[in-house]
Structures are given as structure tokens and as C-alpha cells.
Amino acid sequence: MPEEESIDIKFRLYDGSDIGPFRYSAASTVDFLKQRVVSDWPKGKTVVPKGINEVKLISSGKILENNKTVGQCKTPFGEIAGGVIVMHVVVQPSLAKSKTEKKVDKAPKAVICTCTIL
């Protein structure tokens, strides 16, 4: 029976600190990785994700899709024997919350424009 490939991944946060590294199977999904990031998020950070929908994982300059597996997201040049893959974590608060918190001036703006034909 073939041994399942495992990959070491650490997550780099916005302030340069890291979560991990942890070992994952190549069949683990990006959604699973996001769950791990949210559950292991360090205490005392100013930005804290409320759920996995607010977390984006970036590897080799690409935002990873939830349904992809770690094996599908690996890049050929990221394969270093015994190396650790670094994924960057971006937290984007949900848009619904942001829109309700912003005060938008809905008052119509007066347009003052004149044309003169001579």
C-alpha cells in the first residue's frame, strides 16, 4: 500500500508572525486549512477572523479555492525536500458588516452647472 504524501505548511499572518508549521496530507482541502487557521488564531491580535469565510490563503501569489486540495495547490518550485510551504493569511471582514457600519450620506448632491451659448 503506497504511503500518502504529507506536506509541511506554516501560515504567515499580517504582522509577520506564524502559525505552525503543521503536517497535512496532500488530500486535505483548503477549507480544512482555513478551519485550522481560525481555531489556532493567536490571542491578542488586533485583527481576528470570525469564521473561515473571512480568511483567504495565498500560496505562490494565488488565492486558493476552498474546494481544492493541498496536493492540487502545490507548485513545482515549492517542492523542497524537507522544506516547509509558507501560505500567507489575509483576513477580509464580511461585506455585510462593513456596509452597515459605514455611514453613507444619501442626500442628493446639488449640481450647479451653467451653459452659455453666444
Side-chain angles (χ1 to χ4, degrees):
M1 190 166 157
E3 188 176 315
E4 187 172 316
E5 182 184 7
S6 61
I7 301 164
D8 291 328
I9 301 173
K10 73 177 173 179
F11 304 98
R12 176 84 24 103
L13 304 181
Y14 64 92
D15 62 355
S17 62
D18 294 329
I19 299 175
F22 301 110
R23 184 163 290 215
Y24 296 97
S25 80
S28 298
T29 62
V30 171
D31 188 57
F32 177 76
L33 298 180
K34 287 181 177 184
Q35 290 173 9
R36 179 75 185 254
V37 167
V38 171
S39 67
D40 290 352
W41 195 264
K43 305 292 184 234
K45 297 286 183 190
T46 56
V47 177
V48 179
K50 305 238 184 307
I52 64 169
N53 292 333
E54 292 185 357
V55 174
K56 305 277 186 247
L57 294 180
I58 301 172
S59 180
S60 300
K62 295 183 181 180
I63 297 175
L64 305 181
E65 299 174 26
N66 287 347
N67 59 348
K68 299 279 186 182
T69 64
V70 172
Q72 292 172 324
C73 296
K74 256 189 0 180
T75 57
F77 58 86
E79 296 181 34
I80 302 170
V84 176
I85 296 174
V86 177
M87 291 188 180
H88 294 267
V89 180
V90 177
V91 178
Q92 289 184 318
S94 63
L95 292 176
K97 182 180 176 185
S98 298
K99 286 183 180 178
T100 57
E101 288 181 356
K102 288 183 181 177
K103 290 186 178 182
V104 179
D105 186 14
K106 298 262 181 183
K109 295 181 180 181
V111 177
I112 301 173
C113 180
T114 58
C115 293
T116 305
I117 300 174
L118 298 174

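Scanning both residues, Pro21 and Lys10, for their nearest heavy atoms gives CA-CB, 3.7 Å. Of all non-hydrogen atoms in Ile19 and Pro42, the two that sit nearest each other are CD1-CD, 3.9 Å.
Using a 4.5 Å cut-off between side-chain heavy atoms of Ile, Leu, Val, Met, Phe, Trp and Tyr, with links allowed through other members, Val91 and Ile58 fall into different hydrophobic clusters. One hydrophobic cluster, built from ILVMFWY side chains closer than 4.5 Å, cannot hold both Leu33 and Val90; they sit in different ones.
Here salt bridge (charged side-chain N to carboxylate O under 4.0 Å, His left out) pairs that include residues 59-69, with residues two or more places apart or in two chains, number zero. Listed by first then second residue, pairs satisfying salt bridge (charged side-chain N to carboxylate O under 4.0 Å, His left out) with a partner in residues 25-34 number zero, not counting sequence neighbours.
With contacts defined as side-chain heavy-atom distances shorter than 4.5 Å, the pair Val89/Pro49 does not qualify. With contacts defined as side-chain heavy-atom distances shorter than 4.5 Å, the pair Tyr24/Ile85 does not qualify.
Counting heavy atoms of neighbouring residues, nucleotides and ligands inside a 6.0 Å radius, atom CD1 of Ile63 does not exceed 12 of them.
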(Q) Show, in sequence, the C-alpha distance, side-chain angles and deciding distance for Met87 and Leu64, and conclude whether the side chain to side chain contact (heavy atoms under 4.5 Å, CB included) test is met. (A) CA-CA 10 Å; Met87 291 188 180; Leu64 305 181; 3.7 Å; yes
(Q) Could you go through Arg36 and Ser28, starting from their C-alpha distance and side-chain angles, then the distance that decides it, and tell me whether this counts as side chain to side chain contact (heavy atoms under 4.5 Å, CB included)? (A) CA-CA 11 Å; Arg36 179 75 185 254; Ser28 298; over 6 Å; no
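Checking Val55, Asn66, Val70 one by one against Val30, the side-chain contact (heavy atoms from CB on, under 4.5 Å) holds for a single residue, Asn66.
At least one donor-acceptor pair under 3.5 Å links the side chain of Trp41 to the backbone N or O of Val47. Of the possible donor and acceptor atoms, one in the side chain of Ser39 sits under 3.5 Å from a partner among the backbone N and O of Gln35.
Using cut-offs of 30° and 60° for the angle between ring planes, the Phe11 and Phe22 rings count as tilted.
Cluster partners of Val86, using a side-chain heavy-atom cutoff of under 4.5 Å among ILVMFWY residues and allowing indirect links: none.
One finds the CG atom of Asp18 at 13.0 Å from the CD1 atom of Ile9 (value rounded to the nearest 0.5 Å).
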